[in-house]
Amino acid sequence: MSSQPVFSQPEEAGFLPIAQLSLLVTKLMALGYRCLGPTVENGAIVMRELDAPDGLPRGLQAAQAPGRYQLTRDPLNRYFAWANGPQAIKPLAFSPEESLWRVERDAAGALQFAPVLPATPAQAIIGVRACDLAALALQDAHFLQEGRRDAHYAQRREQLFLVAVQCAEPGATCFCASTGDGPTPTVGYDLALTELAEGFVTLAGTVKGQEVLNALGLAPATPQQIEAARQQGQTAAASQTRSLPSRNLRDALMSRLEHPRWDEVATRCLACGNCTAVCPTCFCHAESDVPALDGQASQHVRMWDSCFGESHGHLHGFNVRPDIRSRYRQWLTHKLATWHDQYGRSGCVGCGRCIAWCPAEIDLTEEVAALTRSEVKP
Ligand code: SF4
Ligand code: SF4
């Protein structure tokens with residue numbers, strides 16, 4: 001974890017002038033953090049290691065719509081005007097592919113088992129969104145359950161230092177205001193920045209964050225700057241055009257398991273699994289053993305998996321989800337309905353990634369609206 005939460009109040013915020021953003025990165029690097037920030041790769045924004053303290057790009061935006069993600073220029077040349085990219089923090093804590101343990105024969109021919117734990121540097125991620133923080137809290141709830149703590153996840157997670165930013169301009173696919181997870185970061189960060197024209201209103205959320213904030217020696221943010229930051233968050237929330245009708249759709253969806261809309265969406269869905277790959281809360285995975293060619297050792301490997309895959313529904317002798325209708329229904333009802341039974345809230349943080357990255361332009365907010373507006377019941 002990122003040390004104890006202390007969440008400083010807005011009136012305790014510091015103000016980081018725009019020209020001094022690199023000072024924050026310099027400080028984090030000096031503390032031994034590998035610093036990751038937004039980087040353009042294959043036409044999208046991803047988090048990659050920064051070469052230098054002044055390596056954060058300016059003026060990037062991402063236009064998003066169902067099945068569409070396109071980088072554009074921000075006319076205001078801000079650092080964090082882009083809403084999000086195809087991946088949140090998930091791959092940095094829950095690795096897409098890793099060995100969990102290995103087994104090999106010793107000189108006497110006996111099998112020796114040993115865990116394979118990842119080498120994890122301390123990593124600071126700059127540009128984390130409120131929805132990403134909410135998604136990470138859900139991943140924590142899954143992987144760090146008492147009695148079932150996942151050592152690989154825990155080791156990476158403990159090394160993260162999270163610098164969150166308020167979304168000034170949510171993407172057209174975002175609906176975090178309706179899920180209650182954004183666009184202003186309120187929990188889960190070490191530091192939180194709100195970008196204004198002249199600089200950043202900066203708050204600490206943990207002891208570690210407060211130490212970095214103190215070390216920066218910032219002037220206090222003025223009441224006008226704090227008010228501008230608050231208003232920017234409100235305006236961003238009000239600008240979102242998509243929404244879910246409720247934060248708890250459990251009964252509404254579970255009472256419509258035979259709704260004809262599941263058949264309709266199944267004719268469009270390609271079962272490609274893009275939505276689960278980009279979703280920051282999906283945690284399904286598959287495990288397999290990869291033997292060495294000489295037969296003397298084997299790795300037990302975990303890889304991300306998707307409930308849209310045909311093999312994901314295999315039980316002994318039959319498949320519980322043999323068609324796309326049942327797989328789409330499983331995904332949506334787990335995410336928005338039965339997640340409440342497991343983790344006490346919905347599994348959707350409103351990031352909109354599954355909408356932008358769906359090649360069939362399927363929009364879960366539209367599907368939920370269609371499923372819940374009619375009175376068709378089982
Ligand atoms: S909903 Fe879209 S992204 Fe998800 S499996 Fe179907 S086609 Fe792929
Ligand atoms: S279901 Fe879609 S909108 Fe919700 S958290 Fe996952 S990717 Fe984001």
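Atoms within a ligand are numbered from 1 in the order they appear, just like the ligands themselves. Predicted model, so just to flag it, every value in this text is computed and none were measured. Just so it is clear, the values below take in all heavy atoms, side chains as well, and ignore hydrogens, waters and symmetry mates.
In this structure, the protein non-hydrogen atom closest to atom 5 (S) of ligand 2 is V349 N, 3.3 Å. Protein heavy atom at the shortest distance from atom 3 (S) of ligand 2 is G352 N, 3.1 Å. Protein heavy atom nearest atom 8 (Fe) of ligand 2, with residue, atom name and distance: C351 SG, 2.3 Å.
The option with the heavy atom closest to atom 6 (Fe) of ligand 2, from among A356, C279, C348, is C279.
Judged purely by distance below 3.5 Å, without hydrogens or angles, the side chains of Q342 and H334 pair a donor atom with an acceptor atom.
Ordered by chain and number, C275 SG make up the set of protein N, O or S atoms under 2.8 Å of atom 4 (Fe) of ligand 1.
The contact set between ligand 2 and F175, taken as ligand atoms under 4.0 Å from a residue heavy atom, comprises 3 (S).
A pairwise comparison of heavy atoms in K90 and A277 identifies NZ-O, 4.1 Å as the closest pair. When all heavy atoms of S239 and P170 are compared, the pair lying nearest together is OG-CD, 3.7 Å.
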Donor-acceptor pairs under 3.5 angstrom involving side-chain atoms of residues 111-126: please list them, not counting sequence neighbours.
residue, atom, partner, partner atom, Å
Q112, NE2, D106, OD2, 2.7
Q123, OE1, R34, NH1, 2.1

Check: residues 61-70 side-chain donor-acceptor pairs under 3.5 Å, at least two apart:
residue, atom, partner, partner atom, Å
Q61, NE2, E169, OE1, 3.1
Q64, NE2, N84, O, 3.3
Q64, NE2, N84, OD1, 3.1
R68, NH2, Q70, OE1, 2.9
Y69, OH, I45, N, 3.3
Y69, OH, N84, O, 3.2

Could you pull out every donor-acceptor pair under 3.5 Å between side chains of residues 359-371 and any protein atom, sequence neighbours left out?
residue, atom, partner, partner atom, Å
D363, OD1, T365, N, 2.8
D363, OD1, T365, OG1, 2.6
D363, OD1, E366, N, 3.4
D363, OD2, R242, NE, 2.7
D363, OD2, R242, NH2, 3.1
D363, OD2, T365, OG1, 3.3
E367, OE1, R261, NE, 2.9
E367, OE2, R261, NH2, 3.1
E367, OE2, R268, NH2, 2.7

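Judged by the 6.0 Å and 45° rule, R256 forms no cation-pi pair with W262.
Salt bridge status for R353 with D132: present, with a side-chain N to carboxylate O gap under 4.0 Å.
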